[in-house]
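Contents: one structure, followed by commentary.
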Amino acid sequence: MAISLFYGSIAVVWIIFLMCALKYPVTLKHILIAIAGMGYSLLYETSLGEYAGLYYYVDKADSLFYIIISAVLLYPVIEVIYTMFLPEKIKPAIIYTVLWTVLLLGYELLSLYTRTIVFTGWQIVPWSIVTYILTFTWINLLFRHLKKKGL
């Protein structure tokens, strides 16, 4: 079940992305968000999951493989989809971000239930919530900066 959710999530996210990309153009700023998100995810996930040992993906022995796959094929695509619909005004953007945080917390709970992610020291409260807030904040700031630059 863990592997099914892992690869199924990647497939669903990519299908959603491709459907969105048909309606909303992917611009240089989206590509830069994906690249930055990839680097952030690789650093974050390998540091906290692999080296600090706070969690692992699917199987402890192969966790680094799954961390790399998700950091390259899952999280950056989620971040691009997030930015495709990010509202211009701050208040709607905050509400939008809260909804994304709730959605991702739900996905995280499903991942725990299926043992796609296994916590060995990590806790949803407060660490996952803080992580989503920080992640969406830097994505917001970077995206708005890139937009201001005309990218």
Side-chain angles (χ1 to χ4, degrees), residues 2-52 54-58 62-112 114 116-117 119 122 124-151:
I3 291 176
S4 298
L5 181 65
F6 182 81
Y7 289 113
S9 299
I10 292 170
V12 166
V13 166
W14 272 91
I15 289 168
I16 291 169
F17 167 71
L18 293 171
M19 288 174 22
C20 292
L22 289 174
K23 188 168 183 170
Y24 300 97
V26 176
T27 63
L28 181 56
K29 64 183 169 286
H30 294 109
I31 294 167
L32 293 173
I33 289 290
I35 292 168
M38 213 177 292
Y40 171 80
S41 294
L42 285 168
L43 179 65
Y44 182 86
E45 296 285 339
T46 55
S47 297
L48 296 177
E50 189 66 20
Y51 295 112
L54 296 175
Y55 52 86
Y56 63 88
Y57 283 43
V58 182
D62 297 322
S63 183
L64 183 58
F65 169 77
Y66 293 107
I67 284 172
I68 292 169
I69 294 297
S70 63
V72 172
L73 297 177
L74 183 63
Y75 300 128
V77 180
I78 289 171
E79 292 161 359
V80 169
I81 295 168
Y82 168 80
T83 59
M84 289 175 122
F85 302 97
L86 182 62
E88 291 280 334
K89 294 184 179 179
I90 298 300
K91 188 174 180 181
I94 291 170
I95 293 167
Y96 176 75
T97 301
V98 168
L99 292 173
W100 269 86
T101 301
V102 169
L103 176 72
L104 289 175
L105 286 170
Y107 174 73
E108 191 169 325
L109 289 171
L110 178 62
S111 296
L112 288 170
T114 61
T116 304
I117 297 174
F119 289 168
W122 188 262
I124 290 178
V125 177
W127 304 121
S128 293
I129 294 169
V130 169
T131 297
Y132 291 130
I133 290 168
L134 292 174
T135 300
F136 285 126
T137 298
W138 80 258
I139 291 169
N140 254 291
L141 293 173
L142 178 58
F143 188 74
R144 290 175 191 282
H145 174 73
L146 293 171
K147 202 169 191 175
K148 202 180 282 184
K149 294 289 182 185
L151 298 176

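Quick caveat: nothing in here was measured; it's all calculated off a predicted structure.
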ask   = For the residue pair Leu142 and Ala36, what are the closest heavy atoms and their distance?
value = CD2-CB, 3.9 Å
message = Between Tyr107 and Ser9, do the side chains contain a donor N or O and an acceptor N or O under 3.5 Å apart?
response = yes
request  = For residues Thr131 and Leu48, determine if any side-chain heavy atom of one lies less than 4.5 Å from a side-chain heavy atom of the other.
outcome  = no
ask   = Between Val13 and Ile81, which heavy-atom pair has the shortest distance, and what is it?
value = O-CD1, 3.7 Å
message = Looking at every non-hydrogen atom in both residues, tell me the closest pair between Gly37 and Pro76 and how far apart they are.
response = C-CG, 4.3 Å
inquiry  = Restricting to non-hydrogen atoms, name the atom on Ala21 and the atom on Val26 that form the minimum distance, rounded to 0.1 Å.
reply    = CB-CG2, 3.8 Å
message = Which label fits Trp122 and Trp127: parallel for a plane angle under 30°, tilted from 30 to 60°, or perpendicular past 60°?
response = tilted
inquiry  = In terms of relative ring orientation, are Tyr44 and Tyr40 parallel, tilted or perpendicular, with 30° and 60° separating the classes?
reply    = parallel
task = Indicate whether any N or O donor in one side chain lies under 3.5 Å from an N or O acceptor in the other, for Tyr66 and Glu45.
result = no
key: CA sep, side-chain torsions, deciding dist, call: His145, Lys149, side-chain contact (heavy atoms from CB on, under 4.5 Å)   = CA-CA 6 Å; His145 174 73; Lys149 294 289 182 185; 3.4 Å; yes
request  = Give the intermediate values and the outcome of side-chain contact (heavy atoms from CB on, under 4.5 Å) for residues Thr83 and Lys29.
outcome  = CA-CA 9 Å; Thr83 59; Lys29 64 183 169 286; over 6 Å; no
message = Do Tyr82 and Ile33 have side chains that approach each other closer than 4.5 Å (heavy atoms only, starting at C-beta)?
response = no
request  = Please test Ile31 against Thr27 for side-chain contact (heavy atoms from CB on, under 4.5 Å), starting from the C-alpha separation and ending with a verdict.
outcome  = CA-CA 7 Å; Ile31 294 167; Thr27 63; over 6 Å; no
task = Indicate yes or no for a side-chain donor-acceptor contact from Trp14 to the backbone of Leu74 under 3.5 Å, with no hydrogens or angles considered.
result = no
task = Would you indicate whether the side-chain heavy atoms of Leu54 and Phe119 approach each other to under 4.5 Å?
result = no
message = Tell me whether Tyr51 at atom OH has more than 12 heavy atoms from other residues, nucleotides or ligands lying less than 6.0 Å away.
response = no
request  = In sequence, state the C-alpha distance, the side-chain angles, and the governing distance for Phe136 and Leu141, and then conclude on side-chain contact (heavy atoms from CB on, under 4.5 Å).
outcome  = CA-CA 8 Å; Phe136 285 126; Leu141 293 173; over 6 Å; no
task = Show your working on ring pair (Phe, Tyr, Trp, His ring centres under 6.0 Å) between Tyr132 and Trp100 and close with a plain yes or no.
result = CA-CA 9 Å; Tyr132 291 130; Trp100 269 86; over 10 Å; no
request  = May I ask you to decide if Glu88's main-chain N or O and Arg144's side chain share a donor-acceptor pair within less than 3.5 Å?
outcome  = yes
query = Below 6.0 angstrom between ring centroids: does that apply to Tyr96 and Phe85?
reply = no
message = Quick check: closest heavy atoms across Leu86 and Ala93, and the distance to 0.1 Å?
response = CD1-CB, 4.1 Å
ask   = So, Tyr75 versus Thr135: side-chain donor-acceptor pair below 3.5 Å or not?
value = no
query = Quick check: does any side chain N or O of Ser41 sit under 3.5 Å from a backbone N or O of Ala71, one acting as donor and the other as acceptor?
reply = no
message = So which atom in Glu50 and which in Ser63 form the shortest heavy-atom distance, rounded to 0.1 Å?
response = OE1-CB, 4.0 Å
